[in-house]
Amino acid sequence: MYYIGIDLGTSAVKLLLVDGEGAIRNEVTKEYPLSFPQPGWAEQEPGDWWRACTEGLGELLRGFDASAVAGIGCGGQMHGLVALDRNDRVIRPAILWNDGRTGEEVEYLNGVIGREKLSALTANIAFAGFTAPKLLWLRKHEPENFERIEKIMLPKDYINFMLTGVHCCDYSDASGMLLLDVQHKCWSREMLELCGVTEKQMPKLFESYEVVGTLKPDVASSLGLSEAVRVVAGAGDNAAAAVGTGVVGEGGCNLSLGTSGTLFISSKRFRVDPNNALHAFAHADGGYHLMGCMLSAASCNKWFCEQILHTADYSGEQEPITEEKLGRNRVFFLPYLMGERSPINDVNARGCFVGMTMDTSRADLTQAVLEGVAFAIRDSLEVARSLGLSIPRSKLCGGGAKSPLWRRILANVLGIPLDMVKTEQGPGYGGAMLAMVGCGRFETVQQAVDALVELSDTTEPEPELTARYEARYQSFHKLYPSLKSFFQEAN
């Protein structure tokens with residue numbers, strides 16, 4: 001049998017065809033546009049996601065027996081507001097996870113409603129990327145669109161709806177809406193009322209590995225698939241990536257170095273960071289997790305190389321960063337190109353280089369970008385350590401993890417070994433594994449992980465280099481507090 005994993009990312013959808021033994025038999029990537037209507041805004045057309053998925057699925061199955069496909073699982077970008085009308089048509093472009101327009105709404109939620117109350121209701125405080133502030137923004141600025149809302153969905157749930165006709169969402173993705181009572185895994189009626197919506201407008205909730213439905217006849221026919229193909233609820237991209245890298249159960253850790261950067265710590269029990277610097281979410285394995293998320297990670301390197309240096313030769317830009325330069329760079333980079341979430345929660349924060357002199361080189365700036373992202377991830381790790389959590393090592397995934405230099409910098413900035421898995425497809429592979437559970441190939445997510453996830457390589461920290469980066473991190477850690485008031489005034 002075959003299982004399809006869908007990774008609905010910010011710039012492209014990645015589709016995987018996986019056999020029952022976990023081997024990837026085919027993969028297809030389809031890009032779609034990303035719109036920035038105003039500075040700090042980010043939107044996409046859900047129709048572009050669906051077209052990319054259907055076109056990609058056709059290519060994915062070419063040359064394979066489509067009748068052997070048993071299930072589909074989707075991991076996707078979180079938090080995006082997809083609003084449907086009474087005819088299930090998209091009302092407006094989706095407002096994405098990295099959209100920063102909701103500064104006033106976040107301030108209202110955290111300042112007027114209160115962080116303590118929000119945390120009691122949802123286990124989290126408001127961040128600009130979350131869905132609830134987007135609803136408040138829509139109600140204020142586009143009341144005619146707000147009144148038309150019949151269903152509120154997240155990006156990957158729109159794909160599941162188009163596949164099955166079911167309005168559904170899983171607990172891991174719903175956790176990032178600021179509308180879910182994460183501890184009790186149900187919609188918070190008080191938060192819904194605060195945002196002016198009802199439970200009827202919300203999708204039905206499922207565990208990530210539960211089957212939400214089968215393919216609609218017209219979809220099955222157009223794709224050449226059986227109507228009996230099962231579609232599971234899937235998961236938010238970070239939870240799906242954690243499944244794909246084997247981070248389930250108690251005490252696992254995964255670092256994702258993708259468009260955004262995340263520190264993901266799995267747990268069998270519910271726990272909350274008392275300062276809410278880390279998100280407290282449900283996990284795709286049926287448990288829970290803590291997560292720190294920075295908005296711009298590998299995207300910082302993409303921005304610097306492509307927009308500033310006008311090159312896509314990432315490895316070529318890293319070649320001049322030689323051994324003696326590591327841990328000794330005098331230039332720092334704050335990676336807050338879209339504002340920042342964890343742990344500072346500041347939509348006004350901005351990216352900047354600090355410490356340049358007349359002899360600063362192109363390679364110094366490239367190195368500063370790589371190090372700045374690593375330092376910012378370290379900020380979230382320090383929060384986790386302050387909670388008494390022991391994180392002796394971590395898995396590592398995402399596009400940025402393909403760089404040996406970046407892996408080495410990360411391992412030494414964090415001071416822990418970083419393990420790479422043989423299958424590096426993160427959310428897509430996790431989605432396929434969830435589909436396997438939903439189809440009965442495995443009884444639990446843990447069983448799927450035990451059978452399918454294998455390590456390929458480990459990057460160990462080096463004591464001398466770790467010590468040098470420790471000193472650099474302590475300097476980096478002082479920069480944002482020094483610039484915070486400037487960022488507020490400049491915006």
Side-chain angles (χ1 to χ4, degrees), residues 75 78-79 109-110 113-127 129-132 154 169-192 194 199 202-210 233-243 245-256 262-293 341-343 345 380-391 394-395 430 434 437 444-446 449:
M78 299 177 67
H79 315 306
L109 287 168
N110 287 334
I113 302 303
R115 294 173 177 240
E116 190 172 318
K117 184 173 183 178
L118 292 177
S119 186
L121 293 173
T122 71
N124 297 278
I125 60 172
F127 288 78
F130 284 5
T131 316
L154 295 168
C169 186
D170 78 290
Y171 295 115
S172 75
D173 217 356
S175 298
M177 298 179 79
L178 203 69
L179 298 171
L180 185 78
D181 177 344
V182 174
Q183 183 176 9
H184 300 103
K185 293 188 175 180
C186 62
W187 296 118
S188 167
R189 294 187 178 181
E190 192 166 348
M191 283 303 301
L192 295 179
L194 191 151
E199 193 164 348
M202 305 305 295
K204 184 179 179 181
L205 291 165
F206 294 84
E207 291 287 359
S208 297
Y209 48 82
E210 289 184 319
D237 52 4
N238 292 297
V243 171
T245 58
V247 178
V248 299
E250 186 64 35
C253 184
N254 183 55
L255 286 171
S256 178
T262 58
L263 174 76
F264 186 108
I265 305 166
S266 63
S267 176
K268 291 182 179 179
R269 65 182 181 87
F270 173 77
R271 56 160 62 92
V272 177
D273 168 17
N275 295 313
N276 297 114
L278 301 180
H279 308 323
F281 289 170
H283 192 6
D285 65 351
Y288 297 90
H289 71 271
L290 291 174
M291 184 175 73
C293 178
R341 274 184 30 197
S342 305
N345 192 17
S380 287
L381 179 64
E382 289 305 309
V383 174
R385 286 170 171 166
S386 74
L387 300 176
L389 296 175
S390 174
I391 305 173
S394 177
K395 302 285 179 58
L434 292 170
V437 178
T444 65
V445 177
Q446 183 68 63
V449 165

Colleague: Which heavy atom of A284 sits nearest a heavy atom of A235, and at what distance?
Modeller: CB-CB, 3.8 Å
Colleague: Would you confirm whether S119, through its side chain, and E116, through its main-chain N or O, come within 3.5 Å as a donor-acceptor pair?
Modeller: no
Colleague: What is the minimum heavy-atom distance between I265 and C253, and which atoms define it?
Modeller: CG1-SG, 4.3 Å
Colleague: Considering non-hydrogen atoms only, spot the tightest contact between V247 and S266 and give its length.
Modeller: CG1-OG, 3.7 Å
Colleague: With K395 as the cation and F264 as the aromatic partner, state whether NZ or CZ is under 6.0 Å from the six-membered ring centre and within 45° of the axis.
Modeller: no
Colleague: Using every non-hydrogen atom in the two residues, find where S172 and H283 come nearest and quote the distance to one decimal.
Modeller: CB-C, 4.3 Å
Colleague: Keeping D273 on the side-chain end and A277 on the backbone end, is there a donor-acceptor pair under 3.5 Å?
Modeller: yes
Colleague: Determine whether S188 and L121 satisfy the following criterion, side chain to side chain contact (heavy atoms under 4.5 Å, CB included), listing intermediate values before the conclusion.
Modeller: CA-CA 7 Å; S188 167; L121 293 173; 4.1 Å; yes
Colleague: Pair C186, L180 - check side chain to side chain contact (heavy atoms under 4.5 Å, CB included), show working.
Modeller: CA-CA 6 Å; C186 62; L180 185 78; 5.5 Å; no
Colleague: Do M177 and M202 pass the side chain to side chain contact (heavy atoms under 4.5 Å, CB included) test, and can you show the C-alpha distance, the side-chain angles, and the key distance before you say yes or no?
Modeller: CA-CA 11 Å; M177 298 179 79; M202 305 305 295; 3.8 Å; yes
Colleague: Is the backbone N or O of A126 less than 3.5 Å from a side-chain atom of N345, with the two atoms forming a donor-acceptor pair by type?
Modeller: yes
Colleague: Is any side-chain heavy atom of L263 closer than 4.5 Å to a side-chain heavy atom of M291?
Modeller: no
Colleague: Test your reading of the model: is there a side-chain donor-acceptor pair from S380 to the backbone of G292, 3.5 Å cut-off?
Modeller: no
Colleague: If you take all heavy atoms of A123 and V182, which pair is closest and at what distance?
Modeller: CB-CB, 4.1 Å
Colleague: List in chain and number order the residues that pass side chain to side chain donor-acceptor pair (under 3.5 Å) with K117, two or more places apart in sequence or in another chain; answer none if no residue qualifies.
Modeller: E190
Colleague: L194 versus L109: any side-chain heavy-atom pair under 4.5 Å?
Modeller: yes
Colleague: Can you list, pair by pair, the side-chain donor-acceptor contacts under 3.5 Å of residues 383-391, counting residues two or more places apart and other chains?
Modeller:
unit_1	atom_1	unit_2	atom_2	d
R385	NH1	E382	OE2	2.9
R385	NH2	L414	O	3.2
S386	OG	V383	O	2.5

Colleague: Can you list every ring pair (Phe, Tyr, Trp, His ring centres under 6.0 Å) pair that touches residues 170-191, not counting sequence neighbours?
Modeller: none
Colleague: When you look at D170 and L434, which way does the side chain to side chain contact (heavy atoms under 4.5 Å, CB included) test go after all the steps?
Modeller: CA-CA 12 Å; D170 78 290; L434 292 170; over 6 Å; no
Colleague: Please identify each residue that fulfils side chain to side chain donor-acceptor pair (under 3.5 Å) with N110, with sequence neighbours left out.
Modeller: none
Colleague: Mark yes or no for whether S208, through its side chain, and A233, through its backbone, hold a donor-acceptor pair below 3.5 Å.
Modeller: no
Colleague: For E250 and R269, run salt bridge (charged side-chain N to carboxylate O under 4.0 Å, His left out): C-alpha distance rounded to whole Å, both residues' side-chain angles, the deciding distance at 0.1 Å, then the answer.
Modeller: CA-CA 8 Å; E250 186 64 35; R269 65 182 181 87; 5.2 Å; no
Colleague: Checking D237 now: which residues fulfil side chain to side chain contact (heavy atoms under 4.5 Å, CB included) with it, not counting sequence neighbours?
Modeller: Q77, M78, P427
Colleague: Looking only at heavy atoms, which two atoms of L205 and K185 are closest? And how far apart?
Modeller: CD1-O, 4.4 Å
Colleague: Can you see whether N238 engages T262 through a side-chain donor-acceptor pair at a distance of less than 3.5 angstrom?
Modeller: yes
Colleague: Strictly by modelled atom types, are N124 and T122 linked by a side-chain donor-acceptor pair under 3.5 Å?
Modeller: no
Colleague: Once rounded to the nearest 0.5 Å, what's the spacing between atom OG of S342 and atom NE2 of H279?
Modeller: 4.0 Å
Colleague: Can a donor-acceptor pair be found, under 3.5 Å and without considering hydrogens, that links the side chain of S267 to the backbone of Y288?
Modeller: no
Colleague: Can you list everything that forms a ring-ring contact (aromatic ring centres under 6.0 Å, His included) with H79? Sequence neighbours excluded, please.
Modeller: F130
